Amino acid sequence: MQVFICKNNEDIASAVTDEITALLREKPNAVLGLPTGSTPQSTYRMLVNRFLAGKISFKEVRTINMDEYVGLDCTHPQSFRYFMEENLFKHVNLNPENIVFFNGLAKDAAQECQRYDQLLDSLGGIDLQLAGIGSNGHVAFNEPASEFSGKSHISELTLETREANKRFFHSLSEVPVAAFTQGMGQIIAAKKIIMIATGIPKADAIYRMIYGDITPQLPASLLQKASNVSVYVDQILANRIQQQYGVHL
Ligand code: GLP
């Protein structure tokens, strides 16, 4: 794992956008694995600006998103598909046919996971997986568990995760209790993983992801087994790790 400490999320976004721009220059039809959440929003904004400036094209790009809430339609303002349309998809020249997303309203969960896994296989894997991390060390919606997941599945969301995401809903009771998610095995199989995290709440999870035991109780720790991982954190998070663990990232 290569760790990069940036001043703030804007600087992280700039560095990550440079990496994605370089990849698309080399492979215009690259497969991008994408997350949602507040951390990647600066990166998506920068990608849109770079597209509008004519410096990047998504014309041949394929995307596959990591997760989607169970029970939310793709037009629901709190669905992850809606988030991606608002933050990236509708602003760039991505072909809608090249977007792979879970269907949150799928009646047969097992069949939906099989469909998603087959689509991922047909893409030939992920060239660059952008990922965030939950304060409990979840990646996508792989929550702390008794074993690592290989393929996509439905995840029961922990109260900590639902609390962290309730800011997007009117109340905790409105936050879905389950979500479709990519499996950890599929995430670490990506040719390149870029993990981004900012702020004190993510410091412990990032520290344990890098230095801790590889355990399904900290799903992100499995990234230690991935071949090519860049971790971008802000100075606040790095300082917290230095204070709490005496470790300079
Ligand atoms: C959600 C998403 C994850 C995301 C995490 C952190 O649980 N399923 O993909 O990485 O939250 O989100 P944020 O960047 O808003 O802290």
Side-chain angles (χ1 to χ4, degrees), residues 6 8-13 16 32-47 63-72 74 76-84 86-88 100-102 104 113 116 126 128-145 149 152-169 172 174-184 186-188 190 193-209 218-223 226 229-234 236-237 240:
C6 298
N8 51 36
N9 204 350
E10 281 308 302
D11 284 5
I12 291 173
V16 172
L32 299 180
L34 299 174
T36 57
S38 51
T39 308
Q41 282 186 294
S42 302
T43 298
Y44 291 147
R45 192 166 42 249
M46 210 158 277
L47 284 170
T63 67
I64 182 164
N65 263 77
M66 303 179 98
D67 42 17
E68 180 58 279
Y69 283 122
V70 169
L72 297 192
C74 62
H76 187 293
Q78 303 315 333
S79 73
F80 285 177
R81 178 61 190 260
Y82 187 90
F83 172 96
M84 291 303 303
E86 290 300 305
N87 283 274
L88 180 63
V100 174
F101 233 100
F102 285 110
C113 289
Y116 181 92
I126 295 169
L128 189 152
Q129 177 66 63
L130 180 61
I133 189 169
S135 54
N136 65 354
H138 76 249
V139 179
F141 270 130
N142 289 278
E143 295 281 26
S149 58
S152 67
H153 58 282
I154 281 194
S155 170
E156 301 300 321
L157 304 185
T158 64
L159 180 58
E160 182 178 355
T161 294
R162 296 182 63 235
E163 285 281 358
N165 286 285
K166 82 174 176 186
R167 66 189 188 277
F168 302 116
F169 295 82
L172 179 63
E174 284 190 15
V175 181
V177 294
F180 285 103
T181 182
Q182 211 169 18
M184 288 306 300
Q186 292 167 320
I187 294 167
I188 66 163
I193 299 170
I194 293 181
M195 165 65 73
I196 55 177
T198 60
I200 288 174
K202 306 295 178 73
D204 182 59
I206 288 290
Y207 173 79
R208 291 166 62 203
M209 174 186 81
L218 201 284
S221 62
L222 194 62
L223 268 62
V229 182
S230 294
V231 183
Y232 287 89
V233 299
D234 67 354
I236 291 172
L237 187 151
R240 177 71 172 186

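Quick note: residue numbers are just sequence positions, from 1. Here the structure is a predicted model, which means the values were calculated and not measured. For ligands, and for the atoms within them, numbers begin at 1 and follow the listed sequence.
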Fill in the blank from the handout: Under 4.0 Å between heavy atoms, the region of Asn165 that gets near ligand 1 turns out to be side chain

Practice task
Check each atom of ligand 1 against the heavy atoms of Gly132 and keep those under 4.0 Å away; list them by number with element.
Solution key: 10 (O)

Practice task
State whether a side-chain donor-acceptor pair under 3.5 Å links Ser135 with Glu160.
Solution key: yes

Exercise for the section: Check Leu157 against Tyr69 and note the closest heavy-atom contact, atom names and distance. Expected result: CD1-CE2, 3.7 Å

Practice task
Consider ligand 1: state whether an atom of it lies below 4.0 angstrom from any non-hydrogen atom of Arg167.
Solution key: yes

Exercise for the section: Indicate yes or no for a side-chain donor-acceptor contact from Gln182 to the backbone of Ile187 under 3.5 Å, with no hydrogens or angles considered. Expected result: no

Practice task
Number the atoms of ligand 1 from 1 as they appear, then name those within less than 4.0 Å of a heavy atom of Phe141, with their elements.
Solution key: 7 (O), 8 (N)

Handout entry: Shortest protein heavy-atom distance from atom 6 (C) of ligand 1, along with the residue and atom involved
Key = Ile133 O, 3.5 Å

Completion exercise
Closest to atom 14 (O) of ligand 1 among protein heavy atoms sits Thr39 OG1, 2.6 Å

Handout entry: Check: Ile196 and Pro40 side chains under 4.5 Å, non-hydrogen atoms
Key = yes

Practice task
Note the single closest protein heavy atom to atom 4 (C) of ligand 1, along with its residue, its atom name and the distance in Å.
Solution key: Thr36 O, 3.9 Å

Exercise for the section: Could you list the atoms of ligand 1 found under 4.0 angstrom from a heavy atom of His138? Expected result: 1 (C), 5 (C), 7 (O), 11 (O)

Handout entry: Polar proximity ligand 1 side, Lys202 side, N/O cut 3.5 Å exclusive
Key = yes

Handout entry: Heavy-atom side-chain proximity of Pro35 to Tyr44 below 4.5 angstrom
Key = yes

Exercise for the section: May I ask you to identify, for Met66, whether its side chain, its backbone, both or neither come under 4.0 Å of ligand 1 on a heavy-atom basis? Expected result: neither

Completion exercise
From the list Phe101, Phe141, Phe180, ring pair (Phe, Tyr, Trp, His ring centres under 6.0 Å) partner of Phe80 resolves to Phe141

Exercise for the section: Any atoms of ligand 1 less than 4.0 Å from a non-hydrogen atom of Asp67? List them with their elements. Expected result: 2 (C), 8 (N), 9 (O)

Practice task
Would you indicate whether the side-chain heavy atoms of Glu10 and Arg45 approach each other to under 4.5 Å?
Solution key: yes

Problem - Min N/O separation Ala140 to ligand 1 under 3.5 Å - result: yes

Practice task
Please state which part of Ala131 comes within less than 4.0 Å of ligand 1, counting heavy atoms only: side chain, backbone, both or neither.
Solution key: neither

Exercise for the section: Give a yes or no on whether a salt bridge exists between Arg162 and Glu156, defined as a side-chain N under 4.0 angstrom from a carboxylate O. Expected result: no

Exercise for the section: Check the pair Asn9, Thr39 against side chain to side chain contact (heavy atoms under 4.5 Å, CB included), reporting the backbone distance first and the verdict last. Expected result: CA-CA 7 Å; Asn9 204 350; Thr39 308; 4.2 Å; yes

Practice task
Specify the protein heavy atom at minimum distance from atom 12 (O) of ligand 1: its residue, its atom name, and the distance to 0.1 Å.
Solution key: Gly37 CA, 3.9 Å

